[in-house]
Protein chains: 2
Amino acid sequence: MIERPHLSFELAVDLVVCTVRGAAFEVLLVERGVEPYLGRLALPGGFLRAGEDLIDAAVRELAEETGLSGLDPYLEQVRTYAAPDRDPRGRVATVAYLAILPDLPMPTAGTDAAGARWEPVRRGGLGLAFDHDRILADAVEQARRLLENTPLATAFCRTEFTIAELRAVYEAVWGVPLDPRNFHRKATGLPGFVVPTGEMRSPPTGRPAALFRRGPATALYPPLQRPA
Amino acid sequence: MIERPHLSFELAVDLVVCTVRGAAFEVLLVERGVEPYLGRLALPGGFLRAGEDLIDAAVRELAEETGLSGLDPYLEQVRTYAAPDRDPRGRVATVAYLAILPDLPMPTAGTDAAGARWEPVRRGGLGLAFDHDRILADAVEQARRLLENTPLATAFCRTEFTIAELRAVYEAVWGVPLDPRNFHRKATGLPGFVVPTGEMRSPPTGRPAALFRRGPATALYPPLQRPA
DNA sequence: ACAAAAGTGTTCACTATACACCCATGC
DNA sequence: GCATGGGTGTATAGTGAACACTTTTGT
């Protein structure tokens, strides 16, 4: 190890954990229990530990904050924030990760998740601590873009899902209504996007819907373009 | 300042400086003059200084490495790399930036740029130091994607350019031939992409071409999709 | 029978592609 | 004139939005 005369940083990972509940696009937030920004809402996150890569820390924090184990979440890096004054405690750089979960029941006691709650994503921001409104906005924009080009939407759904559920994800995240009939054709026609399981599921009323799983595709071609 | 029991990092910025020269998509590399990886090619970059944000460091490094002043380069964050063993000197996290320049003559003496040179981007990587092959691949993929959705291609051109020059950028970066006639119509027809200056430029032989500047658009809609 | 939701067929407008053709210059 | 590259017109195929219509269930 040679001399290192450079600035020293702490490195954190912040999570933008998203889901769709009902018709709402929501994000997981925690109430801060320590200064600075005591009592304010913030994105869950924490510092890297020895031997950890960024993705390791993101996976660990996600498990801690949700209290859920054995998830196979979609996790993708968004970008890094390191403005000199972004944290009053000193120079802290944070790497934001986008995490996508299906609408699962969350443990509410005995874990870090006790202080966590879902909030609907609103334009104009949520008044979060630090620069977390900006981070949230960047992550949301990335999620909206990924819905166009990747099978990300399937990560919002459980293992088996109907086309109507998949469409609800697009409508909630993009905030626009889509034609159910045309969406059905596009989704089932895109190579590798979804594969039928052969099973059916009956809604409260109406014709049963075919069930699908996510397909092998890692990119959607052609993309599912959102309306102008 | 309260106690901070966490891991300490050095934070670097690495640049993927791209241009199109002739028909080739090229990247700026430097030969390392110190250990580790002495003598190997690497991406230009350096550590953050006190008071600097990431983008400040990227702009400063770009000016230092190219020896060019007064550029208004396109600069965009790619992603961050922080694997525990990526730098043998210790824990160094690096934030990669994509920089796009037109094909300019580079100073070759008296500056850091003396040790810099352009190399064509090849599939399979260039055998760079550290994890720079991976960083380069990620940045190149980002550039290819941005050509579809943003006016990024204009950043590869000088202030005034012909449609044929713009097309050469797409062909070089995507590595595919495009129909000159259809490309002309698309590029001039996309709202806010390019605006005619009214001037003309004569090629060595053939009809003079109209000159354009980049337009006000920040996104291309509909996107200029690359062929499957 | 009726309501509700799933899924298919069809129309029509628009867009992309291929390529014939014309234009403006240097030699 | 001829070669060369710039730019326009046009036929054709393909794609996407709108929506009528059929299917399959629960009550």
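It should be emphasised that the depicted structure is a prediction, and the values quoted were computed from it without experimental measurement. Numbers restart at 1 for each chain; the letters A, B, ... are given by sequence-line order, proteins then strands.
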For a side chain to side chain contact (heavy atoms under 4.5 Å, CB included) with Leu29(B), tell me which candidate from Val17(B), Val16(B), Leu126(B) qualifies.
Leu126(B)
Partner of Leu211(B) under side chain to side chain contact (heavy atoms under 4.5 Å, CB included), chosen from Arg158(B), Arg201(B), Met200(B), Glu165(B):
Arg201(B)
So which of [range] are in contact with DNA chain C, with a heavy-atom cut-off of under 4.0 Å?
range	answer
residues 144-176 of chain B	none
residues 202-211 of chain B	Pro204(B), Gly206(B), Arg207(B), Pro208(B)
residues 217-228 of chain B	none

Going from CG on Leu224(A) to CG on Leu152(A), what distance comes out if it is rounded to the nearest 0.5 angstrom?
12.0 Å
Separation between OG1 (Thr159(B)) and CZ (Phe212(B)), nearest 0.5 Å, reads 15.5 Å
Applying ring-ring contact (aromatic ring centres under 6.0 Å, His included) to Tyr37(A) and not counting sequence neighbours gives Phe130(A)
Are Glu141(A) and Arg226(A) within salt-bridge range, i.e. N to O under 4.0 Å?
yes
Using a 4.0 Å cut-off on heavy atoms, which residues in residues 178-187 of chain B reach DNA chain D? List them by number, or say none.
Arg181(B), His184(B), Arg185(B)
Can you tell if the side chain of [X] reaches within under 4.5 Å of the side chain of [Y], non-hydrogen atoms only?
X	Y	result
Tyr81(A)	Arg134(A)	yes
Phe161(A)	Val194(A)	yes
Leu166(B)	Phe183(B)	yes

How would you list, by chain and number, every residue that makes a side chain to side chain donor-acceptor pair (under 3.5 Å) with Arg213(B), sequence neighbours excluded?
Glu160(B)
Salt bridge (charged side-chain N to carboxylate O under 4.0 Å, His left out) for Asp56(B) and Arg60(B)? Distances and angles first, verdict last.
CA-CA 6 Å; Asp56(B) 305 324; Arg60(B) 173 176 54 75; over 6 Å; no
Glu199(A) CD to dA6(C) P: how many Å, rounded?
18 Å
Give a yes or no on whether the backbone of Val173(B) and the side-chain of Arg144(B) come within a donor-acceptor separation of less than 3.5 Å.
yes
